[in-house]
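Beneath this line is the structure, given in structure tokens, with notes to follow.
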Amino acid sequence: MPHEKPDAMELPPGIAIAWGLDRPSTRGAKAELSPARIVEAAIRLADAEGLAAVSMARVAKDLGFTSMSLYRHLRSKEELLVLMVDAAFGEPDFAASPAAVSDEPGWRTGTRRWAKAIEQRYRKHPWILDYPVTGPPASPHELLWLEQLLRALAPTPLTASEKLNSALMLANLVRSSTRMELDVADNDSPAAFESYVGLLFKLLDPVKHREVLGLFSDPGLAVMEDAGDELSFALERYLDGMEALMVRRESIDPQD
């Protein structure tokens, strides 16, 4: 089936520019201003002050231009946000990912590396987590990340539907887990945990809250202290579940 370039008007705001299919008129704009430079400035601002600080007026001020100058390159703040998220994700790079566990399936290693790598992007640019997910990935870098995850799952016996749903489930797992860890980071320490447990024993009724108090009384309860511990636990359970599904899939159709 031949590839045809889509009409820029068919694409959501910012996506056409991200793919190099559309450029708003730059007539009258100074040559040193460009969409790429605007996006870089906006990312610096979001990294320093959060996504809420980003506006066309604020980015223009930081660059030393008027807001109108920015609108000659980008039509709206929404286009800017789409381009910011795509640029912040960047191309997948698993060079610093954990090494493979000996004797485990390659898909499991590849999937773990993908999850840890994208978690690091969220930690580098936490404001990405404040940008709502309103549809499937459509920008260049987001689709490269999806491609890498699907390549990790390619050797498995999963159906196309199961691979897609597995990818979406993992993406949601990493996003929500990282978001939660960042939200509680200031109170996530052994001292804060000890204070929390002490408060529970003052507030809770030993009959109504028997299991809660029993759990926090257990000397074997481990406190996760390192960044990413919560994700690591959830990720391994996700991989266990996917492996069980694959075993069941192979038992149904052993020729795959």
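Residues that satisfy the salt bridge (charged side-chain N to carboxylate O under 4.0 Å, His left out) test with D62, not counting sequence neighbours, are R58. For S176, there are no side chain to side chain contact (heavy atoms under 4.5 Å, CB included) partners at least two apart in sequence or on another chain.
Of the possible donor and acceptor atoms, one in the side chain of N172 sits under 3.5 Å from a partner among the backbone N and O of L168. Judged by distance alone, the side chain of W127 and the main-chain N or O of E49 form no donor-acceptor pair under 3.5 Å. Of the possible polar contacts, none joining the S195 side chain to the A192 backbone as a donor-acceptor pair under 3.5 Å is found. A donor-acceptor contact shorter than 3.5 Å is absent between the side chain of K163 and the backbone of L149. Put simply, the side chain of W114 never gets that close to the backbone of L146: no donor and acceptor are under 3.5 Å apart. Without hydrogens or angle criteria, H209 side chain to D205 main chain gives a donor-acceptor distance under 3.5 Å.
The shortest heavy-atom contact between A115 and L170 is CB-CD1, 4.3 Å. Contact detail for L150 and A167: the closest heavy-atom pair is CD2-CB, 4.4 Å. Nearest heavy-atom pair, G110 versus A152, reported as atom, atom and distance to 0.1 Å: C-CB, 3.9 Å. Summarising the geometry of L143 relative to A138, their closest heavy-atom pair is CD1-O, 3.6 Å, with the distance given to 0.1 Å. Residue S67 comes nearest to A57 through the heavy atom pair OG-CA, 3.2 Å, listed as atom of the first residue, atom of the second, then distance. The minimum heavy-atom distance linking L231 with V174 is given by the pair CD1-CA, 4.0 Å.
V85 is listed as a side-chain neighbour of E142, based on a closest heavy-atom distance under 4.5 Å. At least one side-chain heavy atom of K116 sits less than 4.5 Å from a side-chain heavy atom of S232. At a threshold of 4.5 Å between non-hydrogen side-chain atoms, the residues L153 and S166 count as touching. Between T178 and E181, the closest side-chain pair of non-hydrogen atoms is not below 4.5 Å. Contact check for F65 versus R37: side-chain heavy atoms found under the 4.5 Å cut-off. Here the side chains of H125 and R121 are not in contact, with every heavy-atom distance at 4.5 Å or above. Taking the side chain as every heavy atom from C-beta outward, F233 and Y238 never approach each other to under 4.5 Å. Side-chain contact check for L81 versus L51: some heavy-atom pair is nearer than 4.5 Å.
Note on V207: it does not cluster hydrophobically with L200, by side-chain heavy-atom contacts below 4.5 Å among ILVMFWY residues. A continuous path of ILVMFWY side-chain contacts below 4.5 Å connects Y71 to M84, so both sit in one hydrophobic cluster. Neither V133 nor I15 shares a network with the other; the hydrophobic side chains, linked directly or stepwise wherever heavy atoms of I, L, V, M, F, W or Y lie under 4.5 Å apart, form separate groups for each. Following chains of ILVMFWY side-chain contacts shorter than 4.5 Å, one cannot reach I17 starting from L144, and the two form parts of different hydrophobic clusters. Side-chain heavy atoms closer than 4.5 Å link hydrophobic residues (I, L, V, M, F, W, Y) into clusters, and following such links, possibly through other members, connects L204 to F201.
Atom CD of E236 sits in a crowded spot, with more than 12 heavy atoms from other residues, nucleotides or ligands closer than 6.0 Å.
For the side-chain contact (heavy atoms from CB on, under 4.5 Å) with S161, the lone residue among N165, L158, L164 that qualifies is N165. Only one option out of R108, E162, R237, M169 pairs with M242 in a side-chain contact (heavy atoms from CB on, under 4.5 Å); it is M169.
Taking the six-membered ring where the residue is Trp, the centroids of F216 and Y196 are separated by under 6.0 Å.
Going from atom CG of L215 over to atom CG of L221 covers 5.5 Å, rounded to the nearest 0.5 Å. The CE atom of M246 lies 4.5 Å from the OG1 atom of T156; values are rounded to the nearest 0.5 Å.
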